[in-house]
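A short worksheet on the structure shown next.
Since the structure is predicted, the reported quantities are computational estimates derived from the model, not experimental observations.
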Amino acid sequence: MRPLDEDALSVASGFSLAEREAVYHVIMTRRDVRSQFLPEPLPDDVVERLLTAAHHAPSVGFMQPWNFILVKSPTVRARIRDAFAKANEEAALMFEGERRQAYRSLKLEGIVEAPLGICVTCDPTRSGSVVLGRTHNPRMDSYSTVCAIQNLWLAARAEGVGIGWVSIFHEGDLKTILGIPEHIEVVAWLCAGFVDRLYDQPELSVKGWRQRLPLEELVFHDGWGRSER
């Protein structure tokens with residue numbers, strides 16, 4: 001380990017009002033996109049910026065456990081869509097009555113409509129068996145990978161690119177289709193493409209599946225369930 005180098009530090013300050021408002025605007029208007037994708041391909045420089053944003057996410061022990069498999073092939077994406085369809089029907093049967101009917105009415109992916117698929121994976125072996133910060137929580141590498149996905153998602157919103165996270169798969173099916181080694185964890189399949197319209201509110205809220213919970217019900221003070229300051 002090198003000693004602390006004061007020259008490596010720079011002044012930290014808040015952003016200007018316009019910059020701060022832009023950050024919050026990106027956060028508040030980010031959406032999970034399923035059906036608004038435009039067919040035009042994403043330029044390589046845009047994809048490079050999105051991946052660079054993802055690669056600058058925080059990672060426990062600076063292990064950077066992520067990989068990104070870029071999938072443009074219509075044939076491969078069709079196989080991924082078929083894997084989703086199989087798992088999605090299994091998921092529908094887990095709901096009952098009107099809830100099952102409502103579930104089946106939802107469009108939950110844009111795998112073949114989006115011009116680009118991004119499979120985001122996590123390699124738990126990248127930094128060895130003992131990782132700074134993961135010594136007592138073995139899931140920290142997966143959590144770090146999720147931070148990379150969020151970085152990519154927010155950068156995409158700023159670029160006018162829609163992202164849809166598809167999670168309804170059997171992991172083994174994706175590993176088989178994409179040739180992913182057994183020890184690698186599949187964290188996300190992301191549908192990516194330009195969009196010209198987005199829902200004002202999350203789509204599941206607009207379509208009545210669930211509504212956003214009040215923040216005040218989710219904040220405790222100095223211990224679980226303590227709502228008073």
With a cut-off of 6.0 Å (strictly less than), are more than 12 heavy atoms of other residues, nucleotides or ligands near [atom1] of [X]?
X: E98; atom1: CD; answer: no
X: E96; atom1: CD; answer: no
X: L106; atom1: CG; answer: yes
X: F95; atom1: CZ; answer: yes
X: H56; atom1: NE2; answer: no
X: D45; atom1: CG; answer: yes

Point-to-point distance, once rounded to the nearest 0.5 Å, from [atom1] of [X] to [atom2] of [Y]:
X: T145; Y: M140; atom1: OG1; atom2: CE; value: 10.5 Å
X: S167; Y: L190; atom1: OG; atom2: CG; value: 10.5 Å
X: I168; Y: W189; atom1: CD1; atom2: CH2; value: 15.0 Å
X: D173; Y: F84; atom1: CG; atom2: CZ; value: 13.0 Å
X: Q64; Y: S127; atom1: CD; atom2: OG; value: 7.5 Å
X: N88; Y: K107; atom1: CG; atom2: NZ; value: 10.5 Å

Shortest non-hydrogen contact from [X] toward [Y]:
X: I80; Y: F169; answer: O-CE2, 3.5 Å
X: G193; Y: P115; answer: CA-CD, 3.8 Å
X: G128; Y: V131; answer: O-CG2, 3.6 Å
X: I184; Y: E171; answer: O-OE2, 3.9 Å
X: C122; Y: S142; answer: SG-N, 3.9 Å
X: W209; Y: A102; answer: CZ3-CB, 3.9 Å

Check whether any side-chain heavy atom of [X] lies under 4.5 Å from a side-chain heavy atom of [Y], and answer yes or no.
X: V146; Y: R139; answer: no
X: D32; Y: L204; answer: no
X: L108; Y: Y103; answer: yes
X: Q36; Y: Y199; answer: yes
X: W66; Y: V187; answer: no
X: Q201; Y: V206; answer: yes
X: F194; Y: P43; answer: yes

Look at the side chain of [X] and the backbone N and O of [Y], then say whether any donor-acceptor pair between them is shorter than 3.5 Å.
X: S144; Y: S59; answer: no
X: N151; Y: A53; answer: yes
X: R79; Y: L174; answer: no
X: E217; Y: P214; answer: no
X: R134; Y: D141; answer: no
X: R31; Y: G164; answer: no
X: E89; Y: A87; answer: no
X: R100; Y: A92; answer: yes

Practice prompt. Describe, in one word, how the ring planes of W224 and F220 are oriented to each other, choosing from parallel (under 30°), tilted (30 to 60°) and perpendicular (over 60°).
Written response: perpendicular
Fill in: Ring geometry between W153 and W165 (parallel below 30°, tilted from 30 to 60°, perpendicular above 60°)
tilted
Worksheet item: Is E109 paired with R77 through a side-chain N to carboxylate O contact shorter than 4.0 Å?
Response: no
Worksheet item: Looking at D82 and K86, does any basic side-chain N land under 4.0 Å from a carboxylate oxygen?
Response: no
Co-membership, hydrophobic cluster, residues [X] and [Y], 4.5 Å side-chain:
X: I149; Y: I69; answer: no
X: V33; Y: L50; answer: no
X: L154; Y: F15; answer: yes
X: I163; Y: L198; answer: no
X: I180; Y: V76; answer: yes

Item to complete: Evaluate side chain to side chain contact (heavy atoms under 4.5 Å, CB included) for R20 paired with L17, printing each intermediate quantity in order.
Response: CA-CA 5 Å; R20 190 167 69 243; L17 177 60; 3.4 Å; yes
Worksheet item: Would you say the side chains of S205 and R212 form a donor-acceptor pair under 3.5 Å?
Response: no
Worksheet entry | Residues N67, R126; criterion side chain to side chain contact (heavy atoms under 4.5 Å, CB included); working and verdict | CA-CA 11 Å; N67 282 91; R126 180 151 297 162; 2.5 Å; yes
